[in-house]
J.: 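Here it is: the structure, laid out below.
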Amino acid sequence: MSHLLEVKNLEVKFALRFGDITAINDVSFTLDKRERLGLVGESGAGKSVTGFSIINLISKPGFISKGSIWFEGNEISKYNDAQMREIRGNRIAMIFQDPMMTLNPVFTIGFQMVETLLAHRNISRAEARAIALEKLKKVHIPSPEQRLDQYPHELSGGMRQRVIIAISLLSDPAIIIADEPTTALDVTIQAEIMDLLQELCETDNMGLILITHDLGVVSQVTQKIAVMYAGKIIEFGPTDQVVHNPVHPYTIGLIGSIPGSIPPGQDLKQIPGMMPTLTDIPPGCAFNPRCELKQDICTRETPVLMEKQNGIMAACHMK
Amino acid sequence: MFAFIARRIIQAILVMLVISLVGFSIKDQIGDPVRDLVGERVTPAERAEIAEKMGLNDPFFTQYYRFVKNAVTKGDLGRSFLYNKPNLEVILHHAPATIELVFGTALIIIVISLPLGVYCALRPRTFLSRFTMSFSTLGVSMPVYLTAILLIFLFAIHWQVLPSYGRGDTIDLFGLGWWSTGLLTIDGLRHLILPCVSLSTLMLPLFIRLIRSEMMEVLETEYIKYAWAKGLSPARVWMVHAFKNTLLPVITVFGVQIGIMFAFTLLTELVFQWPGMGFMFLEAVHRADISLLIAYLVVVACLFVVVNTVVDILYGFINPTVRITGTK
Ligand SMILES: Nc1ncnc2c1ncn2[C@@H]1O[C@H](COP(=O)(O)OP(=O)(O)O)[C@@H](O)[C@H]1O
Ligand SMILES: [Mg+2]
């Protein structure tokens, strides 16, 4: 049985002046129809690069150096630019982090919605506008008709992110990749947007890859979690297992630092130290300088992702 | 939008008032309206009488008010003793030549800098881009008169394909008597080529570089990345999304530069014996016709302000954020 999306041994490098650096290292995961996957990790772990590699939009000077990406049975990592354009914004839609920066400031909302539809379908402008209106209603935007003729700066951040969600719904995609969709928003609006995304994925049968540094958000929305650290997936499994019985010391540390995850009265645990930059990843396990369980082997051998307990895979010598 | 336009026009009027005040103070200090009127051959007693009659002994602001009132209601900017005609008439007579020179130059700048600038931004590593960038450095550092002399030498003397002197055949437009245009005759157009090309070399490199760097900056933005993520074609991402955002800052600079160019035609007009306002200005300086110089200052300032206001209003139409805040 083939998966809706399959990322196999993905490796992404950036060609810098002093040589190539590896930003994504042997990352593999799958996503099935209607499934929601969370990609979690600290800033710089490689979450966004993973997301952008799926639609082949890694910023320069990045490139896929190994591995393959399969979508609906086709190897899309081999697609040329014209073939890829039929996937982007059509079968796989993306939501960016900062809604203030995502929409083009000099075009109306309607313009930016209609052009997306016209890029993928042979329909008239009026038909496209009707679909745009329908999608705006779907994301619960007040007075949607009026919004079509407004410019982005006339809308609040939360409204703009709703517009962007509406744009991603235009072509009824199979997958939405949401890269920190609520990070730039007020706390009160974050929950609304997350609820909306989850609700839409359920009603419209869409798969979701939710990228975030916030474990709390993923645990409420997704069925699977992949935890990334320094360009690798170090723990992967069903959401409730990863959240309640995490295996990797890094994941345990992440969960320990969420308020409300431990009994009141106990101190929140913060993982000491910082994630290494890609140019000085330590030998062995990349997490070893920060790890409480560190042994000799951790500085010598790189652990591989292995089946541990309750369906969790983890890359750790000590568990 | 209406409020925005109204505000810009009020600003323009205020700027004009300040400039005319400066112009008037200069005239008040160093001009001699009595000489302008009757020349040198009168006795001191007669001079004093004429001065009194002309209101030259009135308070400064009374005189300034009269100056502005005459300028606005009668188009009276004083009289040139050099031409023995009203200043405005003299300037209007020379203005079309300069205006055609400036707009011909603007056209050349737009037609060349837009495609080249955009190309250099999209394909910065190609030979043509590198060549354009190095060549434009050369253009920036080359003085106009040198370019002009080089052009005259090559096209007028060596190959003898283009005229280098004057405006050629002109046609009196609308039967006004003062608006002569060279745009409607082949000969007039041929005469425009060398002066316009040489004047454009001054700002063409600036605009190619400006458009290139603005476009490159825009191409790095999130909204362009998002346009790609929506599956739009390169033509659409570049020529619709990136282009419009590139154009906004360029338009503002363009407006200012075209305005400034009215004052920068001096050398070009001199080298090409172009009978425009710059040429007239040099003559007025030479003959110390202060009254005409002041009138020239006011008219050029007026042209500058009008061009800027028109460009700003145009900008307001293109950039939706201006209309809300009213500032930029
Ligand atoms: N344009 C780029 N040029 C060079 N390196 C980059 C670029 N974009 C990302 N990287 C590298 O990839 C790593 C992962 O980035 P990213 O996927 O954006 O992290 P995050 O998990 O915060 O989304 C960064 O730490 C950086 O070293
Ligand atoms: Mg990111």
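Chain letters run A, B, ... following the sequence lines, proteins first and then strands; every chain starts at 1. Note that the coordinates shown come from a computational prediction; the quantities given were computed from them, not determined experimentally.
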J.: Do other residues, nucleotides or ligands put more than 12 heavy atoms under 6.0 Å from the CZ atom of B/R123?
T.: no
J.: I need the minimum non-hydrogen distance between A/A119 and B/G231, along with the two atoms involved.
T.: CB-O, 4.1 Å
J.: Please examine the side chains of B/L248 and A/V106, heavy atoms only from C-beta on, and report whether any two atoms are closer than 4.5 Å.
T.: yes
J.: Relative to chain B, which segment of A/S59 carries a heavy atom at a distance below 4.5 Å: side chain, backbone, both, or neither?
T.: both
J.: Count the heavy-atom pairs under 4.5 Å between each of B/R236, B/K244, B/K225 and chain A, then report the option with the highest count.
T.: B/K225
J.: For A/F96 and B/Y226, take the angle between the two ring planes, folded into 0 to 90°, and tell me which bin it lands in: parallel under 30, tilted 30 to 60, perpendicular over 60.
T.: perpendicular
J.: Decide yes or no on side-chain hydrogen bond (donor to acceptor under 3.5 Å, both in side chains) for B/H241 and A/E115, but give the supporting numbers first.
T.: CA-CA 11 Å; B/H241 279 258; A/E115 70 170 356; 2.6 Å; yes
J.: Given B/K230, which partner from the list A/R85, A/Q112, A/R88 fulfils the side-chain contact (heavy atoms from CB on, under 4.5 Å) test?
T.: A/Q112
J.: Looking only at heavy atoms and a cut-off of under 4.5 Å, which of A/D81, A/L170, A/I164 has the most pairs with chain B?
T.: A/I164
J.: Chain A heavy atoms under 4.5 Å from B/S233: which part of the residue, side chain, backbone, both or neither?
T.: both
J.: Would one find more than 12 heavy atoms of other residues, nucleotides or ligands at under 6.0 Å from atom CD of A/E145?
T.: no
J.: Quick one: of B/T221, B/I224, B/N245, who has the most non-hydrogen atom pairs under 4.5 Å with chain A?
T.: B/N245
J.: Taking every non-hydrogen pair under 4.5 Å, which of B/A229, B/A227, B/P234 racks up the most with chain A?
T.: B/A229
J.: With heavy-atom distances below 4.5 Å as the criterion, would you say the side chains of A/F111 and B/V240 are in contact?
T.: yes
